[in-house]
Structures are given as structure tokens and as C-alpha cells.
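These notes are about the structure you will find just below.
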Number of protein chains: 2
Amino acid sequence: MSTALSAIERFSRYQSDDAQSVAPVHCPVRDVLDRIGDKWSMLMIMTLATRPKRFSELHRAVRDISKRMLTQTLRDLERDGLITRHVFPTKPPSVEYRLAPLGQSLLEPMANLIDWADRRYSDIHAARARFDAASSDVPP
Amino acid sequence: MSTALSAIERFSRYQSDDAQSVAPVHCPVRDVLDRIGDKWSMLMIMTLATRPKRFSELHRAVRDISKRMLTQTLRDLERDGLITRHVFPTKPPSVEYRLAPLGQSLLEPMANLIDWADRRYSDIHAARARFDAASSDVPP
DNA sequence: GAGAGCAGGTCTAATATATAGACCTTGGTG
DNA sequence: CACCAAGGTCTATATATTAGACCTGCTCTC
């Protein structure tokens with residue numbers, strides 16, 4: 001446990017108050033978190049985990065993303081080397097997205113998070129319900 | 001490895017095409033990811049990992065968040081039972097935020113992610129540079 | 001005892017990001 | 001000819017985020 005947590009220790013060093021002097025927002029953690037911690041990136045990685053998929057398959061799998069954001073998210077992931085894009089000269093052309101090795105390597109850490117989400121889901125919901133009940137009770 | 005990945009398998013079942021019929025956006029994973037996968041939540045959790053902190057300490061630690069978003073992020077995390085809020089009747093009153101047990105339990109999975117970020121940072125940057133070079137070469 | 005300062009916020013207006021949904025292209029089909 | 005792919009792009013609108021002024025009590029300095 002404390003092995004993994006040392007990563008957070010290391011991180012917090014980037015965050016110390018006196019880091020004002022250094023470049024304002026450039027710890028690697030922030031940088032990476034800003035990428036994969038956006039609204040859709042993790043979801044895309046996970047959706048591509050089992051097998052490569054085409055643009056419209058991805059759109060069907062995550063039905064509430066707009067095409068524009070889908071395109072943009074995929075471009076950004078490609079730019080960062082997490083996925084690759086392959087165009088097949090069929091008519092009409094089809095485009096396949098697949099995890100690059102770098103993206104593959106993200107799968108395991110991400111799976112731990114998913115696992116946590118799955119197991120703690122009910123706790124979170126309970127807490128949420130409790131909080132809402134409490135705040136709708138007191139106010140008047 | 002495949003142990004953790006089974007979580008992703010499980011997830012992808014929620015995503016299957018024919019899930020159109022079921023509630024549109026309600027797999028637990030989406031739900032949790034939408035919470036902790038926003039712009040600031042993970043950062044807050046990590047910043048609170050080492051010890052409890054007060055409002056203004058948090059603001060100093062993450063200097064590019066606005067007060068408004070700081071307040072809102074903290075409320076949301078409190079609502080979901082990840083952190084707790086303690087008001088001390090000093091003058092002026094001070095407010096301390098600390099990880100709740102649920103938040104603590106998130107630390108380990110998150111640490112794996114941080115660790116990944118730290119180790120793969122340079123790969124990501126290299127990929128980014130390569131991509132940008134390629135796309136500024138071809139266009140004309 | 002007037003003025004400044006601090007902690008933890010809230011409020012408003014401006015800016016940045018995301019969304020829905022129309023449209024484009026290049027063939028093939030009925 | 002009209003229409004349907006697939007993989008996008010474009011535009012107008014809705015939503016999120018920001019900066020920064022302001023508020024409330026109380027205390028400290030002069």
C-alpha cells in the first residue's frame with residue numbers, strides 16, 4: 001500500500017507553496033491528469049480496451065458524446081500516443097482506432113479505478129442521499 | 001493483470017449497443033467517473049492525501065482554481081462522502097477539509113494512476129512532439 | 001476609534017468548452 | 001434520380017469556468 005502512496009508523496013512536492021517561483025502549472029501529474037482526466041478520455045480508452053473499434057462504433061458505445069467531441073477526444077489521444085488511427089480505403093472509407101502500447105499500459109492502473117468505482121458505488125450513493133436529505137431538512 | 005482487467009470487461013457489458021433500451025447513462029462506472037473525472041476532484045483528493053487542509057491552504061496548493069470552483073468541488077466531494085468538512089469556531093472561523101474513509105480508499109487506485117503518469121510522462125511528451133511535427137510538416 | 005486585514009465564502013459578468021443537429025463528400029443501390 | 005452509408009466539419013446555442021468585486025464578523029495597529 002505505502003509503495004503506491006509514495007507516488008502521491010512525490011506529487012505533493014510539486015505542489016508545495018514555495019513552488020510559486022517555478023513554472024506555475026507544470027508538474028507531470030497535472031499535465032497527464034488534465035489529459036486523461038477530462039470528460040471522455042478514460043471512457044474512450046476503456047471502450048477500446050477489449051478490441052479496436054471504428055468511429056461510429058465508438059459513437060454508439062458512448063451515445064451521449066457529440067461527434068465533435070468524439071473527433072477531438074480521439075485526436076488528442078492520438079496526439080499523446082495512447083491510441084492509433086488506421087484508415088482503410090474502403091468505399092466509403094472506414095477508420096479504425098486502437099490502443100497503442102502506451103494506451104495498453106494505462107489499462108491496468110485504470111482498471112483499479114474502475115474496480116473501486118464498482119465496489120464503492122453504493123457507498124457513494126448512500127452518502128449522496130444522506131447529504132441531500134440533510135440539506136433539504138435544515139434550510140428554512 | 002487479467003484480474004484487474006476483468007473490471008473493464010464488466011464495464012463493457014454496461015456499454016453494449018442493445019443497452020439503448022435501459023436507462024441511457026447509468027452504469028456505476030460512468031457515474032463515478034463523471035464525479036472524480038472532472039477537472040479538479042482528483043487533484044483535491046491528492047492534495048488532501050498527506051494531511052487535512054484548510055480552504056485557503058487548498059487554494060494556495062492549487063493556485064489556478066477559482067474560489068467558486070474550489071467551493072463547489074469541495075461540496076460535491078463532501079456530498080459523495082469522500083471528504084468531510086469541519087468548522088472550528090475560532091475568530092475568524094476556520095474550516096478544515098479531510099479525507100473520509102471512502103476518500104482514503106480511493107487513494108490507492110489513484111496512486112497507481114499517478115505512478116503511471118509519472119513514469120510515462122516523457123513518452124507522452126515525445127508522442128506529442130512527434131505528432132505536432134508531423135502535422136505542421138504536411139498541411140500546405 | 002478609524003482603518004486594515006483575515007478566513008471562508010458568495011455574486012456577477014466575461015470567457016471558454018460542450019452540445020445538438022445540419023451539412024459535406026464519394027461512391028453504390030433501387 | 002433520390003437516398004444511404006462513414007467519418008467527419010460547421011454553426012449556433014447551452015453550460016462550465018474564470019477573474020475579481022464584495023460580504024461578514026472579529027481582531028490588531030496606531
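Chain letters run A, B, ... following the sequence lines, proteins first and then strands; every chain starts at 1.
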Could you list where the contact with chain A starts and ends along DNA chain D, reading 5' to 3', using a 4.0 Å heavy-atom cut-off?
D/dA5 to D/dT11

[N] [atom2] sits how many Å from [X] [atom1], rounded?
| X | N | atom1 | atom2 | answer |
| --- | --- | --- | --- | --- |
| A/R68 | C/dA20 | CZ | P | 13 Å |
| B/K39 | C/dT17 | NZ | P | 7 Å |
| A/I65 | C/dG21 | CD1 | C1' | 15 Å |

Going by the rule ring pair (Phe, Tyr, Trp, His ring centres under 6.0 Å), which residues pair with B/H125 if we only count those two or more places apart in sequence or in a different chain?
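B/H125: ring pair (Phe, Tyr, Trp, His ring centres under 6.0 Å) contacts with B/Y121.
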
Decide whether B/L70 and B/L77 are clustered together by the hydrophobic rule: side chain heavy atoms of Ile, Leu, Val, Met, Phe, Trp, Tyr closer than 4.5 Å, transitively.
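Result: yes, single cluster for both.
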
Using a cut-off of 4.0 Å between protein heavy atoms and nucleotide atoms, how would you tag nucleotides 1-8 of chain C 5' to 3' with B, S and -?
-----BSB

Sequence neighbours excluded, which residues qualify as side-chain hydrogen bond (donor to acceptor under 3.5 Å, both in side chains) partners of [X]?
| X | value |
| --- | --- |
| B/E9 | none |
| A/R75 | none |
| A/T84 | A/H86 |
| A/R68 | none |

Scan for salt bridge (Lys or Arg N to Asp or Glu O under 4.0 Å) pairs involving residues 37-56 of chain A, sequence neighbours excluded, and state none if there are none.
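Qualifying pairs, neighbours excluded: A/R51-A/E57.
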
Pairs where residues 89-104 of chain B contributes a residue and the test salt bridge (Lys or Arg N to Asp or Glu O under 4.0 Å) is met, not counting sequence neighbours:
B/E96-B/R98

